[in-house]
Amino acid sequence: MAASNGFVDGAATPTPSESALIFLGTGCSSVVPNLICLLQPSNPPCSVCFQSLSTPPERNPNYRCNTSLLIDYCGDANDRKYILIDVGKTFRETVLRWFVSHRIPRVDSIILTHEHADAVLGLDDIRAVQHFSPTNDIDPTPLYLTQHSMDSIAEKFPYLVRKKRKEGEEIRRVAQIDWNIISDDCNQPFSASGLKFTPLPVMHGEDYTCLGFLFGEKSRVAYISDVSRFPASTEYVISKSGAGQLDLLILDSLYRTGSHNVHLCFPQTLETVKRLCPKQALLIGMTHEFDHHKDNEFLKEWSKREGIPVQLAHDGLRVPINL
């Protein structure tokens with residue numbers, strides 16, 4: 001089905017040689033609907049959040065889980081690999097909703113942007129998409145993260161990181177993960193399930209470095225979910241005036257108006273899109289201030305005026321792409 005601004009929401013069944021990007025979540029950390037809007041409704045009530053009470057999530061583009069992307073990657077040998085970026089608080093919900101409808105059978109590798117709750121608190125549920133073994137005797141899923149994220153996760157999930165059982169400790173089934181440390185340097189790429197990724201360090205507040213990722217040889221895609229400012233070295237890598245134009249920019253946009261100390265908001269996001277000048281852009285990380293239909297109508301006019309197709313992504317969106 002064709003979507004506005006030239007994007008394509010592809011069918012659930014991919015062609016044998018086709019890669020795709022599947023948006024498992026496009027919302028902020030507190031997700032949409034915002035619980036306060038339902039528990040303590042305003043007068044008049046929040047229309048975006050109250051829509052969730054009457055429209056099933058799979059038919060409601062304003063229902064947004066934590067930001068997460070699944071790359072359905074078809075390599076040169078038509079060998080499909082499924083690469084997951086971020087495993088937040090709503091991971092299990094997104095598996096139930098979108099893995100089944102998009103016929104995703106497993107996760108082959110995982111990449112983390114950072115170690116905040118909306119990016120990692122679903123890690124325990126990774127066992128649900130791994131083969132069952134009561135003794136944990138399975139191949140671990142490769143996971144790629146910075147040393148800072150590794151140190152934080154070792155405190156949050158010590159049982160996922162610990163290699164040996166303590167004396168007398170019973171075997172308990174947990175997710176089996178192969179931890180791989182990556183650099184937060186644009187000049188130190190890595191590969192996950194055969195696909196090359198370039199880390200894109202960005203500021204997520206002035207006291208915190210988060211990673212975005214550049215990937216794709218045939219189509220250049222940048223995924224940047226949590227950003228308040230771009231260091232010059234990162235911006236160069238993904239700008240048309242620098243290392244080359246992106247085919248697709250997937251970018252953070254928290255609030256509809258104003259600004260925020262640790263995220264881009266809509267006005268700054270659109271200025272960033274103009275500055276980087278990708279061939280097209282999809283926005284993620286939205287709060288309940290965004291109404292999918294109304295704001296995409298606004299973006300349709302903005303896109304015509306600026307010459308860059310931009311729209312809000314939505315949970316479950318599948319974008320066919322040649323990687």
Side-chain angles (χ1 to χ4, degrees), residues 1-5 7 9 21-69 86 88-98 101 116-119 121-122 223-228 249-273 281-303 309-319:
M1 178 177 66
S4 62
N5 292 348
F7 295 93
D9 192 348
L21 308 178
I22 300 171
F23 290 77
L24 300 180
T26 58
C28 58
S29 181
S30 55
V31 308
V32 182
N34 187 310
L35 289 180
I36 288 296
C37 286
L38 303 182
L39 300 176
Q40 301 175 20
S42 58
N43 187 17
C46 172
S47 60
V48 167
C49 291
F50 265 74
Q51 184 185 7
S52 69
L53 299 179
S54 59
T55 306
E58 60 272 13
R59 293 195 283 112
N60 180 5
N62 283 321
Y63 190 104
R64 304 181 182 111
C65 290
N66 294 150
T67 53
S68 179
L69 183 73
D86 284 345
K89 296 176 287 184
T90 55
F91 173 66
R92 186 177 187 276
E93 182 177 356
T94 63
V95 170
L96 289 171
R97 183 159 295 122
W98 304 120
S101 63
H116 287 170
D118 57 345
L121 284 194
Y223 178 85
I224 304 166
S225 59
D226 296 80
V227 57
S228 56
L249 172 63
I250 302 167
L251 186 59
D252 186 18
S253 187
L254 184 67
Y255 290 130
R256 179 65 176 80
T257 59
S259 61
H260 195 272
N261 61 320
V262 300
H263 287 276
L264 295 180
C265 296
F266 201 40
Q268 301 89 51
T269 299
L270 293 180
E271 286 302 314
T272 301
V273 171
L282 286 165
L283 308 187
I284 58 173
M286 291 83 69
T287 67
H288 62 154
E289 289 188 3
F290 286 89
D291 183 292
H292 183 84
H293 301 292
K294 292 179 181 178
D295 288 312
N296 270 346
E297 283 301 311
F298 168 85
L299 283 171
K300 185 184 294 185
E301 295 305 313
W302 186 95
S303 298
V310 181
Q311 71 174 37
L312 305 183
H314 62 82
D315 290 21
L317 174 67
R318 179 183 178 276
V319 178

**Prompt:** Just how far is it from atom CG of Leu254 to atom OG of Ser228, taken to the nearest 0.5 Å?
**Reply:** 11.0 Å
**Asked** Which value, rounded to the nearest 0.5 Å, describes the distance between Thr272 atom OG1 and Leu249 atom CG?
**Response** 8.5 Å
**Message:** Just to verify, what does Ser259 make a side-chain contact (heavy atoms from CB on, under 4.5 Å) with, not counting sequence neighbours?
**Reply:** Gln268
**Item:** For Val32 against His288, the heavy-atom pair lying closest together
**Value:** CG2-N, 3.6 Å
**Prompt:** Can you tell me if Asn60 uses its side chain to pair, donor with acceptor, with the backbone of Pro56 under 3.5 Å?
**Reply:** no
**Prompt:** Going through the checks in order, is the side-chain contact (heavy atoms from CB on, under 4.5 Å) test met by Leu264 and Leu251?
**Reply:** CA-CA 9 Å; Leu264 295 180; Leu251 186 59; 4.1 Å; yes
**Message:** What I'd like to find out is whether the side chain of Cys37 reaches to under 4.5 Å of the side chain of Val48, using heavy atoms alone.
**Reply:** no
**Complete:** All heavy atoms of Thr90 vs all of Cys65, minimum pair found to be OG1-CB, 3.2 Å
**Item:** Test item: Thr269 side-chain N/O and Asp252 main-chain N/O as donor-acceptor pair under 3.5 Å
**Value:** yes
**Message:** Taking the side chain as everything from C-beta on, heavy atoms only, tell me whether Val95 gets closer than 4.5 Å to Glu93.
**Reply:** no
**Prompt:** Is the closest side-chain heavy-atom distance between Val273 and Trp302 below 4.5 Å?
**Reply:** yes
**Request:** Could you tell me whether the side chain of Val319 reaches within less than 4.5 Å of the side chain of Leu282, counting heavy atoms only?
**Result:** yes
**Item:** Whether Arg64 side chain and Gly285 backbone form a donor-acceptor pair below 3.5 Å
**Value:** no
**Message:** Is it the case that atom CZ in Arg256 sees more than 12 heavy atoms from other parts of the structure closer than 6.0 Å?
**Reply:** yes
**Message:** With salt bridge (charged side-chain N to carboxylate O under 4.0 Å, His left out) as the criterion, how do Lys300 and Glu297 come out once you've worked through the C-alpha distance, each side chain's angles and the decisive distance to 0.1 Å?
**Reply:** CA-CA 5 Å; Lys300 185 184 294 185; Glu297 283 301 311; 3.5 Å; yes
**Request:** Check step by step if side-chain contact (heavy atoms from CB on, under 4.5 Å) holds for Val227 and His263.
**Result:** CA-CA 5 Å; Val227 57; His263 287 276; over 6 Å; no
**Asked** Are Ser101 and Glu58 close enough that some pair of their side-chain heavy atoms sits under 4.5 Å apart?
**Response** no
**Prompt:** Given Asn62, which of His292, His314, Gln51 fulfils the side-chain hydrogen bond (donor to acceptor under 3.5 Å, both in side chains) condition?
**Reply:** Gln51
**Request:** Kindly give the heavy-atom pair with the smallest separation between Ser253 and Cys265, and that separation in Å.
**Result:** OG-C, 3.9 Å
**Request:** State, yes or no, whether a side-chain contact exists between Thr55 and Phe50 at a heavy-atom distance under 4.5 Å.
**Result:** no
**Prompt:** Has the side chain of Asp118 got a donor or acceptor atom that lies under 3.5 Å from a matching backbone atom of Asn66?
**Reply:** no
**Prompt:** Got a donor-acceptor contact below 3.5 angstrom from the Asn296 side chain to the Gln311 backbone?
**Reply:** no
**Message:** Between Phe23 and Trp98, does the side-chain contact (heavy atoms from CB on, under 4.5 Å) criterion hold? Intermediate values first, please.
**Reply:** CA-CA 9 Å; Phe23 290 77; Trp98 304 120; over 6 Å; no
**Asked** Looking only at heavy atoms, which two atoms of Asp295 and Glu289 are closest? And how far apart?
**Response** OD2-O, 4.3 Å
**Request:** State, yes or no, whether a side-chain contact exists between Asp86 and Leu69 at a heavy-atom distance under 4.5 Å.
**Result:** no
**Request:** Measure from NZ or CZ of Arg97 to the centre of the six-membered ring of Tyr63, then state whether that distance is under 6.0 Å and the direction lies within 45° of the axis.
**Result:** yes
**Message:** Would Ser29 and Thr67 count as a side-chain contact (heavy atoms from CB on, under 4.5 Å) here? Give the steps.
**Reply:** CA-CA 8 Å; Ser29 181; Thr67 53; over 6 Å; no
**Request:** State, without any angle test, whether Thr26 and Asp315 hold a side-chain donor-acceptor pair at a distance under 3.5 Å.
**Result:** yes
**Request:** Determine whether the aromatic ring centres of Tyr255 and Phe290 lie less than 6.0 Å apart.
**Result:** no
**Request:** Would you check if Ile22 and Leu317 make a side-chain contact, meaning some heavy-atom pair closer than 4.5 Å?
**Result:** no
**Item:** Exercise: identify the closest heavy-atom pair between Phe91 and Gly122
**Value:** CD2-O, 3.8 Å
